[in-house]
Number of protein chains: 2
Amino acid sequence: MHLLMKNLPHKTIERLSQYRRALLLCHAQGMTYIYSHEIAKIQHITPVQVRRDIMLIGYTGTLRKGYNVMELIELIGNIIDSEEGINVCVVGIGNLGRAITNYFSGKRTKLSIAAVFDVEPSKVGKKYHLIDCFHIDDIPRIIKERKIEIGIITVPGEDAPAIAEILVKAGIKGLLNYTPKPVNVPNKVYLEEYDMITSLEKVAFFVKTHH
Amino acid sequence: MHLLMKNLPHKTIERLSQYRRALLLCHAQGMTYIYSHEIAKIQHITPVQVRRDIMLIGYTGTLRKGYNVMELIELIGNIIDSEEGINVCVVGIGNLGRAITNYFSGKRTKLSIAAVFDVEPSKVGKKYHLIDCFHIDDIPRIIKERKIEIGIITVPGEDAPAIAEILVKAGIKGLLNYTPKPVNVPNKVYLEEYDMITSLEKVAFFVKTHH
DNA sequence: ATAACAATGTGAAATAATTAACATTTTTCT
DNA sequence: AGAAAAATGTTAATTATTTCACATTGTTAT
């Protein structure tokens, strides 16, 4: 593991993930080289920031030619992916859970949804995009059996804290909470929370103030 | 409009929205006063940050008693809400679009979903949580008729740029893009992009590096 | 050949966000 | 009454992130 990896800023990690997706598209279109300002344009950021991010991961482009698309894709993969891949589960297979499961079906190789969970008897036992749906009571067993390390919470808000607790007890290492209700996890579990209502209120605020 | 409003940091705006939601729950449970450290606990941040945010909006609590829950809710509302309310539309009523529409149904008063759009003939003309679904070709007309100022894009990624362009031409003022594909908007339109895959990759990275 | 140009790479400055430190004040306890 | 405790409010320090400014170096044009 690179020494570099440890000290990458959070924001850089996010952008690297985005660069990679943009680069994959460029690669599919047959581009072999790309300039920092081209990447920047796609992501609505400055070319300097792109160059700095790339500098931070220790890659170096060719002067006047830019960056080799495929090499950069691979290097970003080396930094942000895990060698062996990571298994993920989705808890709550309502609209949001299905949307996420849908996004992932067959796309990533390094991150794969290994199980989904719900309480509804009508959902348990079914498959969603080829992924088995289990009852929430089976979370501890399935997480161990399938070596799941990350959980995505898409249950109704009021259930989120209880689900988080179950996941943590089952040994989950990272949580992504998409409910509007904050959850508590011990320090060793990496938690990311995102709340759509907050984002919308933020947009509304800036629409209002910048008329 | 407060002078204060103009200079609030983006991060503070996000947190204010979250404070308000937490405070509404506290109010519903009959709390009349709350301490900064209680708010901080709920949101996983430090009490200092809570106090600073509250300071920035010019509210002042009572020493040893904390903040008056109802007053704070109202003040946050004065800052982040618009007097008259803002109308929003959702473009793409797949799983994600439905999840968002669902979240909102009947909850907010100041932000309301005034229309949803899709291309599927089977969806156009139906209602989703009491909201009319129109064809995408009707976007310009409906946006004008219903005074819609913010658009939420939840179509498949490849369609996002085209939809963004349509919305911008129709006079939208703010956009929230939930597809993995970045879109371009003129400077006067406030754009916020959020991509679930990036978030998940970020969680995976930190799970990997902090073992 | 040489000048002009267009790209990368990066130290340093600027900006944004968080945290520390502490003065202040009310309440409670003895 | 006086001391201790517990809370807010705020300046200053720190840390994180972005941007500037420019040195460097291939490439192209004359």
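Quick note on labels: first sequence line is chain A, next is B, and so on, each numbered from 1.
Taking A/D118 as the reference, A/I93, A/E120, A/K123, A/C133 meet the side chain to side chain contact (heavy atoms under 4.5 Å, CB included) condition, with sequence neighbours excluded.
Remark: A/Y33 is not in phosphate contact with C/dT8, judged by side-chain N or O atoms under 4.0 Å from OP1 or OP2. One finds no side-chain N or O of A/S36 lying less than 4.0 angstrom from the OP1 or OP2 phosphate oxygen of C/dA7. Taking only side-chain nitrogens and oxygens, A/R51 never comes nearer than 4.0 Å to OP1 or OP2 of C/dG9.
Inter-residue side-chain proximity for B/M196 and A/I100 is flagged as met; some heavy-atom pair is nearer than 4.5 Å. For the pair B/L200 and B/F205, the minimum side-chain heavy-atom distance is 4.5 Å or more.
Distance A/L72 CG to C/dT8 P: 12 Å, rounded to the nearest Å. Protein atom NE2 of A/H37 is 9 Å distant from nucleotide atom C1' of C/dA7, rounded to whole Å. Atom CD1 in B/I57 sits about 13 Å away from atom P in D/dT10, given to the nearest Å. Put simply, CG on B/N68 is 16 Å from C1' on D/dA7, counting in whole angstrom units. For A/I54 and C/dA7, the CD1 to P distance is 15 Å, given to the nearest whole Å. Atom CG of B/L56 is separated from atom C1' of C/dA16 by 12 Å (rounded to the nearest Å). The OH atom of B/Y59 sits 14 Å away from the C1' atom of D/dG9 (whole-angstrom rounding).
Other residues, nucleotides and ligands contribute over 12 non-hydrogen atoms within 6.0 Å of the NE2 atom of B/H37. Within 6.0 Å of the NZ atom in A/K147, the count of heavy atoms belonging to other residues, nucleotides or ligands does not exceed 12. Around atom NZ of B/K169, no more than 12 heavy atoms belonging to other residues, nucleotides or ligands sit under 6.0 Å away.
Each of A/L72, A/I79, A/I73 was compared with A/I76 under the side-chain contact (heavy atoms from CB on, under 4.5 Å) criterion, and only A/L72 meets it.
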Query - A/E192 vs B/K202, salt bridge (charged side-chain N to carboxylate O under 4.0 Å, His left out): CA-CA, chis, key distance, verdict - result: CA-CA 9 Å; A/E192 175 101 2; B/K202 188 179 162 193; 3.5 Å; yes

List every contact pair, protein side and nucleotides 26-30 of chain D side both N or O, where the distance is under 3.5 Å.
unit_1, atom_1, unit_2, atom_2, d
D/dG26, N2, A/R64, NE, 3.4
D/dG26, N2, A/R64, NH1, 2.8

Taking N or O atoms only and anything under 3.5 Å, show me the protein contacts with nucleotides 17-19 of chain D, one pair per line.
unit_1, atom_1, unit_2, atom_2, d
D/dT18, OP1, A/R15, NH1, 3.1
D/dT18, OP2, A/R15, NH1, 3.0
D/dT18, OP2, A/R15, NH2, 2.9
D/dT18, OP2, A/Q49, NE2, 3.1
D/dT18, O5', A/Q49, NE2, 3.0
D/dT19, O4, A/R52, NE, 3.0

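Note: A/R20 CZ to A/E74 CD = 11.0 Å, rounded to the nearest 0.5 Å.
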